[in-house]
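Because the structure is predicted, anything quoted here is derived from the model rather than measured.
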Amino acid sequence: MKQKVGAVFGIIAYITLLIGMNFYPKSYPVSNMNDDIHQQLVHYMETHRVEPSEPRIDSVWGFVPGLQGSEIDYELSYNNMLLNGSFDSSLLVCRAINYEKSPEEFRETPIYKGNENGDYVSLLINVAWGEEELDKMLNILDRLGVRATFFFEGRYAENHKNQVQKIHEDGHVIGNHSYSHPSRWGSFTYEQYVDEIKKTNDVLKSIINEPITYFAPPAGEFNDRTLKAAYDQGMYSIMWTADTIDWKGGTADVLINRVMKKLQPGALILMHPKPETVIALEPMINQLKEKGYEFKTIDEIVEGTRPECR
């Protein structure tokens, strides 16, 4: 009898041990619980967690993409600092926290801006002309470590395949800006919109060997037929927050001021390959960096990723 009771108590003790192990906090190694790095790291983690933002439809801005949250990865950050010997915020590693809704649920609605809860902006460059200016802009972007999104007119892309390919290889995103940039764009039928969009997608896909997901309508003009045509081709319709209005003219300072007046977190900044835009590009980027903004391509804006997190 005593043996049976002892066995029962032994089983209970074993189960209790297992439960205790399962509920013991696993975020931090036990051996680190009392050291200075651990204490400072835990405090930092508790005060620097950022919750994700869900995508939504806004009455003014249309589809506003979501934005991942972020938290500190304890193990990777701790190991980095252990090698260093002390707490160092430059050695922190962040981990993204996903939001719940899919951007696909909102694809029928145009996008004018990214999520306002992150200090990001995105450069959008519509291309139907300006081969030499475009090459100069690419050199500036490469030197400053900035990636942008280029929306190509189909006819231009057909005649500048090597340039389109190089832009893609340099890590920029390629988008669709219609095939012929027609002046009568607003009066087209649904079928005509589909033809313009599909022809350009076919041209671009043949060059970069990837599907084209983002569409910028000529002159930013759209209607229900335009949006449906883009949606039916599996695309997002992209507008802008801040426009250089470089096609209308103005000095480099004027172009920069036009952007800065409309600047906000998540801003989509529109420009074209024009001579004054080339002059304005580097100081504009430097001013944006000085204000604390990081640059994202349109896919990163729409997907709401945090490039700095793993």
Is the shortest side-chain heavy-atom distance between [X] and [Y] below 4.5 Å?
X: H38; Y: L41; result: no
X: M271; Y: L124; result: no
X: Y190; Y: D232; result: yes
X: Y44; Y: L92; result: yes
X: Y112; Y: I238; result: no
X: E282; Y: L144; result: yes
X: D299; Y: Y214; result: yes
X: Y236; Y: F106; result: no

Query raised in the report: Is the cationic atom of R225 (NZ for Lys, CZ for Arg) positioned less than 6.0 Å from the six-membered ring centroid of Y193 and within 45 degrees of its normal?
Result: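 No.
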
Requested in this report: Decide whether a cation-pi geometry holds between K113 and W240; the criteria are a distance under 6.0 Å from NZ or CZ to the six-membered ring centre and an angle within 45° of the ring axis.
Outcome: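 Ring-cation test returns no.
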
Report task. Check whether any side-chain N or O of D246 sits under 3.5 Å from a backbone N or O of K274 as a donor-acceptor pair, and report yes or no. Result ->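 Answer holds: no.
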
Query raised in the report: Just one of D243, L288, I285, I125 clears the side chain to side chain contact (heavy atoms under 4.5 Å, CB included) bar with I269, so which one?
Result: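 Per the side chain to side chain contact (heavy atoms under 4.5 Å, CB included) rule, the option paired with I269 is L288, out of D243, L288, I285, I125.
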
Query raised in the report: Under the ring-ring contact (aromatic ring centres under 6.0 Å, His included) test, which residues partner F150, sequence neighbours left out?
Result: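 Once residues adjacent in sequence are excluded, the partners of F150 under the ring-ring contact (aromatic ring centres under 6.0 Å, His included) criterion are H172.
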
Between the side chains of [X] and [Y], is a donor N or O closer than 3.5 angstrom to an acceptor N or O?
X: H181; Y: E196; result: no
X: Y156; Y: H177; result: no
X: N201; Y: Q233; result: no
X: D88; Y: S90; result: yes

Whether over 12 other heavy atoms sit under 6.0 Å from [X] [atom1]:
X: W129; atom1: CH2; value: yes
X: H43; atom1: NE2; value: no
X: R184; atom1: CZ; value: no
X: N98; atom1: CG; value: yes
X: E221; atom1: CD; value: yes
X: E100; atom1: CD; value: no

For [X] against [Y], the heavy-atom pair lying closest together:
X: F222; Y: P110; value: CZ-CG, 3.8 Å
X: Q264; Y: W61; value: NE2-CZ2, 3.4 Å
X: V173; Y: T297; value: CG2-CB, 3.6 Å
X: R49; Y: E51; value: NE-OE2, 2.7 Å
X: I301; Y: G114; value: CG2-CA, 3.6 Å
X: Q165; Y: I208; value: OE1-CA, 3.8 Å

Lys/Arg N to Asp/Glu carboxylate O, [X] vs [Y], below 4.0 Å:
X: K289; Y: E294; answer: no
X: E116; Y: R56; answer: yes
X: R155; Y: E153; answer: yes
X: E104; Y: R107; answer: yes
X: K228; Y: D224; answer: no

Requested in this report: With sequence neighbours left out, write down each residue that passes salt bridge (charged side-chain N to carboxylate O under 4.0 Å, His left out) with E191, or none if nothing qualifies.
Outcome: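 E191 satisfies salt bridge (charged side-chain N to carboxylate O under 4.0 Å, His left out) with no residue once adjacent residues are dropped.
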
